[in-house]
Amino acid sequence: MKFKSPPVNSLSLDFLTEFCISLEKLENDRACRGVILTSAVPKIFSSGLDITEMCGKSTEHYAEFWRAVQEMWLRLYSSNMVTVAAVNGSSPAGGCLIALTCDYRIMAENPKFSIGLNEAQLGIVAPFWFKDTFVNVVGHRVAERSLQLGSLHSAPEAHRIGLVDELVPEEKLKDRATAVMQQWLALPDHARQLTKTMMRKAVLDRLVAHREEDIQYFISFISKESIQKSLRMYMEMLKKKKS
């Protein structure tokens with residue numbers, strides 16, 4: 001599955017909705033046992049949540065958007081398929097979450113590409129289920145430091161801290177992702193699926209149990225004038241960079 005939403009594959013409501021529909025179709029296709037997620041946009045895997053969806057909108061819109069973000073994570077994190085992220089560009093914030101949610105992460109060996117949950121840099125707090133997913137991959141101490149600083153890790157650093165499982169030259173990324181997929185699919189599906197469920201159940205159950213609460217928290221947080229102001233400033237900064 002290739003992300004193709006130029007310029008930066010930002011996770012808009014439309015993108016998230018289409019992503020969930022596509023994932024559901026693959027889940028329901030008995031012939032499909034695994035999916036490789038990558039980007040069709042050069043130098044970027046996904047820039048994360050679309051800031052325009054969180055700025056100057058109604059509370060109803062915020063609720064709909066956040067439910068879609070939750071749905072994307074719930075579907076991908078609990079997927080019966082083998083999920084491999086072939087990270088062929090930078091992947092901040094929500095883009096990093098997509099990669100973290102997969103079973104295996106391979107990143108292009110390019111020091112210019114970075115990945116991380118950098119929400120703190122925008123004055124936003126990564127939700128508990130982002131944090132839980134991150135801790136499960138890199139461990140508590142690395143996650144705590146990285147989240148507080150809003151760190152974006154270069155590809156070599158991401159590999160060193162265990163955020164990605166391996167680095168390969170960009171031109172070999174697709175072949176390597178396919179080889180990894182074959183390795184994972186060589187196992188009996190039921191054993192792998194039950195093990196995955198066992199490993200991830202507590203984290204999934206926690207969001208399911210607090211889903212509405214999490215939406216309400218997001219709405220009240222994102223509606224604060226101080227947060228709206230910092231998002232507007234960030235958008236202005238991005239516009240200046242483009243021009």
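For the numbers below, each heavy atom of this structure counts, side chains included, while hydrogens, waters and symmetry mates do not. Note that the coordinates shown come from a computational prediction; the quantities given were computed from them, not determined experimentally.
- Within a 6.0 Å radius of CE in Met237, other residues, nucleotides and ligands contribute more than 12 heavy atoms.
- With 3.5 Å as the limit, one finds a donor-acceptor pair spanning the side chains of Glu53 and His61.
- By the criterion of side-chain heavy atoms lying less than 4.5 angstrom apart, applied directly or through intervening Ile, Leu, Val, Met, Phe, Trp or Tyr residues, Met81 is not grouped with Ile21; the two fall into different hydrophobic clusters.
- Salt bridge Glu144/Arg141: present, at least one basic N to carboxylate O contact under 4.0 Å.
- For the 3.5 Å distance criterion, the side chains of Asp14 and Ser12 fail to qualify, holding no donor opposite an acceptor.
- No side-chain heavy atom of Thr17 sits less than 4.5 Å from a side-chain heavy atom of Glu71.
- The two residues Ala68 and Leu13 come nearest to each other via the heavy atoms CB-CD1, 3.6 Å.
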Side-chain donor-acceptor contacts of residues 26-36 below 3.5 Å, not counting sequence neighbours, with atom names and distances?
from  : atom 1 : to     : atom 2 : distance (Å)
Glu27 : OE2    : Ser79  : OG     : 2.4
Glu27 : OE2    : Asn80  : N      : 3.3
Asn28 : ND2    : Glu24  : O      : 3.2
Asp29 : OD1    : Ala31  : N      : 2.9
Arg33 : NE     : Asp189 : OD1    : 3.3
Arg33 : NE     : Asp189 : OD2    : 2.9
Arg33 : NH2    : Leu185 : O      : 2.8
Arg33 : NH2    : Asp189 : OD1    : 3.0

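- Tyr62 meets the ring pair (Phe, Tyr, Trp, His ring centres under 6.0 Å) test with no other residue; sequence neighbours excluded.
- Each of Asp165, Val168, Val87 was compared with Ile106 under the side-chain contact (heavy atoms from CB on, under 4.5 Å) criterion, and only Val168 meets it.
- Nearest heavy atom pair, residue Ala177 against residue Val84, reads CB-CG1, 4.3 Å.
- At least one donor-acceptor pair under 3.5 Å links the side chain of Gln70 to the backbone N or O of Arg211.
- Note on Val164 and Ile44: separate hydrophobic clusters, where clusters join Ile, Leu, Val, Met, Phe, Trp and Tyr whose side-chain heavy atoms are under 4.5 Å apart, directly or indirectly.
- In this structure, SG in Cys20 is found 9.0 Å from CG in Leu74, a value given to the nearest 0.5 Å.
- Under 4.0 Å is where a charged nitrogen must lie from a carboxylate oxygen, and between Glu236 and Arg232 no such pair does.
- Nearest heavy-atom pair, Cys102 versus Arg200, reported as atom, atom and distance to 0.1 Å: O-NH2, 3.3 Å.
- Panel note: side chain Thr101, backbone Tyr77; no donor-acceptor pair is recorded below 3.5 Å.
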- Message: As a quick check of understanding, evaluate side-chain contact (heavy atoms from CB on, under 4.5 Å) for Gln228 and Ile222, giving each step before the final call.
- Response: CA-CA 7 Å; Gln228 286 292 307; Ile222 214 73; 4.2 Å; yes
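- The shortest non-hydrogen separation linking Pro92 to Ser47 is CG-O, 3.6 Å.
- A pairwise comparison of heavy atoms in Pro127 and Asp214 identifies CB-OD1, 4.3 Å as the closest pair.
- In this pair, His210 and Phe128 present their aromatic rings perpendicular. The plane angle is above 60°, beyond the 30 to 60° band.
- Using a cut-off of 4.0 Å between Lys/Arg side-chain N and Asp/Glu carboxylate O, Glu170 and Lys43 are scored as not salt-bridged.
- Using a 4.0 Å cut-off between a side-chain N of Lys or Arg and a carboxylate O of Asp or Glu, Lys4 and Glu18 do not qualify as a salt bridge.
- Rounding to the nearest 0.5 angstrom, the gap separating the CG atom in Leu231 from the CE atom in Met233 is 10.5 Å.
- Checking side-chain atoms of Ser151 against main-chain N and O of His153 turns up no donor-acceptor pair under 3.5 Å.
- To the nearest 0.5 Å, atoms NZ (Lys2) and CG (Asn88) are separated by 8.5 Å.
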- Message: Would Glu157 and Arg160 count as a side-chain contact (heavy atoms from CB on, under 4.5 Å) here? Give the steps.
- Response: CA-CA 5 Å; Glu157 194 184 344; Arg160 185 179 60 75; 3.7 Å; yes
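- In the hydrophobic clustering of this structure, Leu173 does not group with Leu167; members are Ile, Leu, Val, Met, Phe, Trp, Tyr whose side-chain heavy atoms approach within less than 4.5 Å, directly or through other members.
- In this structure, Arg105 contributes its side chain and Leu100 its backbone to a donor-acceptor pair below 3.5 Å.
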If you look only at distance, which donor and acceptor atoms sit under 3.5 Å apart when one is on a side chain in residues 109-125 and the other is two or more places apart or in another chain?
from   : atom 1 : to     : atom 2 : distance (Å)
Asn110 : OD1    : Lys112 : N      : 2.9
Asn118 : OD1    : Ala93  : N      : 3.2
Gln121 : NE2    : Gly150 : O      : 2.6

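- Heavy-atom neighbours of Met235 CE from other residues, nucleotides or ligands within 6.0 Å: above the threshold of 12.
- When all heavy atoms of Phe65 and Leu11 are compared, the closest pair comes out as CE1-O, 3.4 Å.
- Following chains of ILVMFWY side-chain contacts shorter than 4.5 Å, one cannot reach Val41 starting from Phe3, and the two form parts of different hydrophobic clusters.
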- Item | Trace of the side-chain contact (heavy atoms from CB on, under 4.5 Å) decision for Phe134 with Leu163 | CA-CA 8 Å; Phe134 197 32; Leu163 175 48; 3.8 Å; yes
- Kindly determine whether His140 and Lys131 satisfy side-chain contact (heavy atoms from CB on, under 4.5 Å), including the steps that lead there. CA-CA 9 Å; His140 199 280; Lys131 181 269 296 176; 6.0 Å; no
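- The backbone N or O of Thr83 lies less than 3.5 Å from a partner atom in the side chain of Asp103, making a donor-acceptor pair.
- Side-chain N or O atoms of Thr38 include one that pairs as donor or acceptor with a backbone N or O of Ala86 at under 3.5 Å.
- Here Trp66 and Trp129 bring their ring centres to under 6.0 angstrom of each other.
- No single ILVMFWY cluster, assembled from side-chain heavy atoms under 4.5 Å apart, contains both Val180 and Leu76.
- Between the side chain of Ser223 and the backbone N or O of Ser220, no donor-acceptor pair lies under 3.5 Å.
- The shortest side-chain heavy-atom distance between Val203 and Trp73 falls under the 4.5 Å cut-off.
- Side chain of Asn9 to backbone of Phe45: a donor-acceptor contact under 3.5 angstrom is found.
- For the pair Lys57 (side chain) and Thr52 (backbone), a donor-acceptor distance under 3.5 Å is present.
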